[in-house]
Amino acid sequence: MPPRRLLVTAALPYANGHIHLGHLVEYLQTDIWVRFQKLRGHNCRYFCADDTHGTAIMIRARQENRSEEELIAEMQAAHERDFAEFGIEFDNFGSTNSDENRALCAEIWQSIRDAGLVKEKDVEQLFDPEAGTFLADRFVRGTCPKCAATDQPGDNCSSCGTTYSPAELVDPQSTLSGATPEVRTAKHLFIELEQLHAFLDEWTQCGEHLQPEIANYLKGHFLGPTDKPEPLRDWDISRPAPYFGFEIPDSPGNYWYVWFDAPIGYIASTRQWCDKHGENLDDWWKSDDCEVHHFIGKDITYFHTLFWPGMLKTAGYSLPSKVHIHGFLTVDGEKMSKSKGTFVNARTYLDHLDPSYLRYFYASKLSSKVDDIDLSLDEFIAKVDKDLRGKFVNLASRSAKFVAKTGLSATYPKDEGLFDAASSAAAEIAQAYESCDYSKATRKIMALADSANAFVEANKPWELRKDPENEQRLQDVCTIALNLFRQLAIYLAPVLPKLAEQTGVLLGDPITHWDQAQTPLVGTPVAKFKHMIQKIEEKDVQKMIEESKETTPPTPASGELASADGNESANTTTLNDPWKDPGDPLAAEPLAEECTFDDFMKVDLRVARIVSAEHIEEARKLLKLQLSLGGGEYRQVFAGIKAAYDPEKLVGRLVVCVANLAPRKMKFGLSEGMVVASGPGGSEIYVLSPDEGAVPGQRVH
RNA sequence: GGUCCGGUAGCUCAGUUGGUUAGAGCAGGGAACUCAUAAUUCCUUGGUCGGGGGUUCGAGUCCCUCCCGGACUACCA
């Protein structure tokens with residue numbers, strides 16, 4: 001096969017945060033693919049960059065009282081250090097805040113203009129008069145227009161889940177300055193993606209560029225059936241000043257939205273590399289001889305499978321040969337959590353554990369599917385120890401020292417076909433790597449390790465060495481074992497570059513090409529064996545988790561927590577509190593702004609008895625309850641607690657309800673109140689009960 | 001509710017266009033070995049392939065239906 005020209009990218013990490021284990025799934029997946037292609041002799045390049053623009057960076061720089069440039073330079077240095085220590089090797093790591101990127105944005109923008117895809121529309125957005133900036137949704141908080149929950153984010157209510165625009169919030173507040181934002185109208189520029197509908201339909205559905213489940217998802221959600229396509233929404237790609245980014249040349253005062261210039265960063269990073277190496281950008285981005293491969297997470301599917309191909313197509317650049325989409329990382333089956341210590345930064349990992357462990361573990365879990373992968377800590381420890389140390393490195397460790405003096409045999413001995421079996425497995429393993437099915441590749445490789453260990457076991461070099469008569473046989477057995485080991489090291493080289501390097505040193509022959517696994521090494525010296533990998537220690541994993549725990553609960557701004565009856569206050573810092581409850585519920589939903597006693601009295605909370613409770617088949621979350629306030633006074637209430645409570649078990653119990661809530665018409669009938677409950681939602685809902693002695697109708701003071 | 005993806009051993013998964021008796025690794029049990037970083041090897045327990053129905057000479061695989069889990073999307077709190 002002639003060498004392929006391959007341009008590979010991983011998504012650009014945002015300059016606002018540090019690299020964590022979740023990010024690493026992608027950068028390692030991509031790095032392994034790139035190393036594999038390079039090992040095969042292809043002209044493969046791995047480009048990435050920091051994604052630096054947008055409001056979040058601007059705001060943070062302001063808060064830290066420094067320039068955006070200083071901030072992003074610092075973050076980029078940290079990112080690059082973390083990547084390097086994990087063995088992630090980019091051919092170029094750039095920044096979206098670069099001259100190259102600005103020029104490319106302008107060029108591509110012009111093409112999109114020329115193609116008649118741009119239109120102007122007025123957009124109403126909240127503006128912070130004190131900070132002098134428009135506010136993205138998440139920088140506005142206020143009272144939910146539906147359920148009146150206070151201090152809710154600008155796009156949806158964490159209490160009731162309603163989605164709305166920030167302009168609909170009651171009493172909105174800017175999180176930047178605390179000022180009341182005003183609604184201002186600004187001109188925004190939109191790309192009419194719908195004009196590219198036919199092209200996108202064809203491109204996404206042809207079966208070559210996307211995993212089947214992704215193509216399916218796009219068809220179902222955005223593109224619609226071919227005979228009845230749904231129009232694609234216009235894409236808002238401008239933001240009015242002030243905005244940290246690039247000003248749009250033909251629209252002064254407006255800046256490209258970060259999602260416009262971010263993917264162009266792939267090309268800009270390529271250009272930087274081309275300029276450094278005397279290469280021609282067009283050979284990489286405008287040539288049919290070059291394949292472009294993007295690796296991304298499923299959260300940014302939309303941008304990379306619709307907007308981005310649309311932009312490339314319009315501007316005359318190569319379309320991606322393939323967009324490889326992976327799922328998220330969970331730890332011990334759950335979302336990474338700061339309080340549980342499973343939200344682990346790359347740096348924290350590096351302080352305690354060997355990067356090879358994680359490289360191998362991810363490889364052993366990754367497939368070409370979009371499924372999430374789970375880092376079960378027990379499995380991580382067991383697998384790394386068993387496979388890497390017990391099966392793989394052990395092969396060298398148990399045979400190298402017997403031939404340290406003699407080196408390898410001059411000719412390759414008869415080995416019952418083991419070497420041939422492993423060399424003919426090359427094609428299948430390569431195919432697995434090529435299709436990103438690394439779990440399959442590692443499985444195959446470990447099967448080879450098993451048979452190699454069995455060979456050593458059967459031929460007992462430790463007995464052979466006892467009798468000088470067997471000297472030749474001893475050398476032959478170890479020559480075989482070390483050659484089998486070397487084949488594995490070659491096959492694992494994309495995953496474990498450091499071990500491949502160490503193997504090269506041990507056997508005096510650097511691993512540089514996949515095909516080295518086809519020819520045994522003979523007649524060469526063997527270096528003194530040094531440990532190649534340390535045993536993974538459970539206590540180190542524990543330490544890493546401990547260190548990742550965010551134990552300090554956020555201190556309430558007021559320093560006071562009002563208790564339910566309103567007449568006591570407690571300073572949380574001086575209390576003897578043996579429970580040490582974690583702070584995430586409070587962090588997830590910060591305290592609402594202070595209210596007066598009169599405010600509180602507006603809400604009439606009453607003890608009520610649930611006299612009936614029934615399922616509503618069509619509702620996913622709701623139960624229909626009849627509450628008695630005593631004396632024949634009843635309320636029909638729809639409560640979103642279906643996932644957490646059995647209706648039968650609720651009947652008869654006392655609860656607290658908001659008895660004077662304005663009735664609300666719902667899909668299934670009129671709801672005349674609320675049952676108060678805590679919890680994040682889903683099955684985690686905890687209905688409040690009064691203590692024994694309370695009777696329906698009593699007011700809660 | 002809609003769309004989609006899943007459900008195979010205690011755990012993680014493999015099962016190619018339907019084809020002998022459903023597999024691997026780990027974990028569990030038993031033995032061997034002592035070269036190796038207490039690593040390794042051999043033997044072994046364990047499955048109504050989510051349930052039911054259908055097509056077929058034959059179904060883990062194809063079709064229908066139901067149950068369960070997940071993702072997205074919506075009504076809604």
Side-chain angles (χ1 to χ4, degrees), chain A residues 144 146-149 157-163 211-222 224 298-299 301-302 327-328 330 333 361 364-365 367 369-376 378-402 432 437 439-440 442-444 446-447 449-466 474 477-478 481 529-537 616-623 637-642 658 661 664-669 671 673-677 681 685:
Chain A
C144 171
K146 285 258 168 87
C147 78
C157 175
S158 67
S159 165
C160 75
T162 309
T163 54
Q211 288 129 297
E213 57 264 50
I214 296 293
N216 227 332
Y217 160 77
L218 294 174
K219 185 153 198 70
H221 287 278
F222 305 111
K298 63 182 180 184
D299 50 329
T301 295
Y302 192 66
F328 297 145
T330 55
F361 185 78
S364 78
K365 297 296 260 185
S367 74
K369 306 237 180 79
V370 190
D371 301 346
D372 292 350
I373 69 168
D374 184 46
L375 170 63
S376 147
D378 290 342
E379 192 190 349
F380 173 63
I381 295 166
K383 187 159 219 152
V384 164
D385 200 44
K386 201 76 191 165
D387 287 3
L388 278 192
R389 191 171 65 110
K391 290 184 178 180
F392 172 54
V393 173
N394 188 40
L395 263 176
S397 163
R398 69 194 306 203
S399 53
K401 75 170 187 184
F402 297 133
D437 199 349
S439 67
K440 186 173 183 179
T442 53
R443 228 176 19 250
K444 298 277 172 207
M446 282 307 139
D450 284 342
S451 43
N453 271 307
F455 170 83
V456 175
E457 196 73 22
N459 287 277
K460 304 185 179 14
W462 55 93
E463 281 188 5
L464 293 173
R465 70 162 176 170
K466 289 176 184 164
L474 174 65
V477 166
C478 294
F529 182 77
K530 283 189 248 167
H531 278 190
M532 291 179 153
I533 197 157
Q534 296 304 310
K535 178 173 166 58
I536 181 168
E537 298 286 351
I616 305 168
E617 283 310 318
E618 317 89 272
R620 201 183 63 182
K621 295 183 181 176
L622 299 179
L623 291 182
V637 169
F638 291 89
I641 58 173
K642 184 173 185 170
V658 184
L661 191 68
R664 171 164 290 275
K665 191 169 176 312
M666 296 175 54
K667 189 172 173 185
F668 314 106
S671 188
M674 282 173 72
V675 170
V676 301
I685 297 174

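The sequence lines fix the lettering, A, B, ..., with proteins before strands; numbering per chain opens at 1.
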* Asked: How far does OH of A/Tyr217 sit from OH of A/Tyr302, to the nearest 0.5 angstrom?
  -> 8.5 Å
Detail all sub-3.5 Å separations between protein N/O atoms and N/O atoms belonging to nucleotides 12-17 of chain B.
residue : atom : partner  : partner atom : Å
B/rU12  : O3'  : A/Lys365 : NZ           : 3.4
B/rU12  : O2'  : A/Lys365 : NZ           : 3.0

* To do: Between B/rG18 and B/rC76, how far apart are the C1' atoms? Round to whole Å, please.
  => 46 Å
* Should A/Val456 and A/Pro461 count as side-chain neighbours, where that means a heavy-atom distance under 4.5 Å? -> yes
* To do: Mind checking side-chain contact (heavy atoms from CB on, under 4.5 Å) for A/Asn394 and listing every partner two or more places apart, or none if nothing turns up?
  => A/Ser397, A/Arg398, A/Asn453
* To do: Would you kindly give the CG-to-C1' distance between A/Asn453 and B/rC35, to the nearest whole Å?
  => 11 Å
* Residue A/Lys369 excluded, over 12 heavy atoms near NZ under 6.0 Å -> no
* **For atom CZ of A/Phe455 and atom C1' of B/rA36, their distance in whole Å** => 16 Å
* Asked: Given atom NZ of A/Lys386 and atom P of B/rG25, what is their separation to the nearest angstrom?
  -> 11 Å
* To do: Provide the distance between the two C1' atoms, one in B/rC49 and one in B/rU21, to the nearest whole Å.
  => 15 Å
* Asked: What's the CD-P distance between A/Glu457 and B/rU41, to the nearest Å?
  -> 7 Å
* To do: Using the test side-chain contact (heavy atoms from CB on, under 4.5 Å), find all partners of A/Phe380 that sit at least two apart in sequence or belong to another chain.
  => A/Tyr349, A/Leu353, A/Tyr357, A/Leu358, A/Phe361, A/Leu375, A/Val384, A/Ile536, A/Val541
* Asked: For A/Leu395, which contact category applies under a 4.0 Å heavy-atom criterion: base, sugar-phosphate, or nothing?
  -> nothing
* Can you check whether A/Lys391 has a side-chain N or O nearer than 4.0 Å to OP1 or OP2 of B/rG25? -> no
* **Inter-nucleotide P distance (B/rU37, B/rC62), Å rounded** => 49 Å
* Asked: At under 4.0 Å between heavy atoms, what does A/Asn394 touch on the DNA or RNA strands: base, sugar-phosphate, or nothing?
  -> base
* **Backbone N/O of A/Ile381 and side chain of A/Asp385: donor-acceptor pair under 3.5 Å** => no
* To do: Quote, to the nearest angstrom, the P distance that separates B/rG54 from B/rG7.
  => 24 Å
* Contacts of A/Lys383 that satisfy side chain to side chain donor-acceptor pair (under 3.5 Å) - sequence neighbours left out -> none
Taking N or O atoms only and anything under 3.5 Å, show me the protein contacts with nucleotides 7-10 of chain B, one pair per line.
none

* To do: Mind checking A/Val370 for me? I need base, sugar-phosphate or nothing, with any heavy atom below 4.0 Å counting as a touch.
  => nothing
* Which nucleotide sits closest to the side chain of A/Ser397: B/rU34, B/rC26, B/rU37? -> B/rU37
* Name the closest nucleotide to the A/Arg389 side chain, picking from B/rA71, B/rA38, B/rC26. => B/rA38
* **Rounded distance in Å between the P positions of B/rG47 and B/rU8** => 15 Å
* What dot-bracket string describes RNA chain B from 5' to 3', counting Watson-Crick and G-U wobble pairs whose defining distances are under 3.5 Å, with [ ] for crossing pairs and | for pairs to another strand? -> (((((((..((((.....[...)))).(((((.......))))).....(((((..]....))))))))))))....
* **Touch class at under 4.0 angstrom, heavy-atom based, for A/Asp371 against every strand present** => nothing
* Asked: Starting at CE of A/Met446 and ending at P of B/rG25, how long is that distance when rounded to a whole Å?
  -> 13 Å
* Asked: How about A/Ser439 and A/Asp437: does a side-chain donor come under 3.5 Å of a side-chain acceptor?
  -> yes
* To do: For B/rC66 versus B/rU48, give the span between their P atoms, rounded off to a whole number of Å.
  => 25 Å
* Pick the C1' atom in B/rC4 and in B/rG15, then give their distance to the nearest Å. => 23 Å
* Asked: Say you draw a straight line from CD of A/Gln534 to CZ of A/Arg389; how long is it, rounded to the nearest 0.5 Å?
  -> 9.5 Å
* A/Asp385 has a side chain; which of B/rC35, B/rC26, B/rA39 sits nearest to it? -> B/rA39
* So which one's nearest nucleotide on RNA chain B is more toward 5', A/Ala639 or A/Lys466? -> A/Lys466
* **Reported CG-to-NZ distance for the pair A/Leu474 and A/Lys466, which is rounded to 0.5 angstrom** => 12.0 Å
* To do: Please work out if A/Lys460 contacts a base, only the sugar-phosphate, or nothing of the nucleic acid, heavy-atom cut-off 4.0 Å.
  => nothing
* To do: Please measure how far the P atom in B/rG60 lies from the corresponding atom in B/rG51, and state the result in whole Å.
  => 11 Å
* Can you check the A/Phe529 CZ to B/rA39 P distance for me, whole Å? -> 15 Å
* **Least distance between heavy atoms, A/Lys365 atom then A/Asp374 atom** => CE-O, 3.4 Å
* Structure fact -> Regarding the side chain of A/Asp450, the nearest nucleotide among B/rC35, B/rG25, B/rU37 is B/rG25
* To do: Mind checking the CD-CG spacing from A/Glu213 to A/Asp371? Nearest 0.5 Å is all I need.
  => 7.0 Å
* **Heavy atoms of other groups near A/Lys391 NZ, more than 12 under 6.0 Å** => yes
* Asked: How long is the line joining CG of A/Asp387 and C1' of B/rA24, in whole Å?
  -> 12 Å
* Nearest-Å distance for atom pair CZ/C1', residues A/Arg398 and B/rA38 -> 13 Å
* To do: State whether the number of non-hydrogen atoms from other residues, nucleotides or ligands found under 6.0 Å of A/Glu463 atom CD is greater than 12.
  => yes
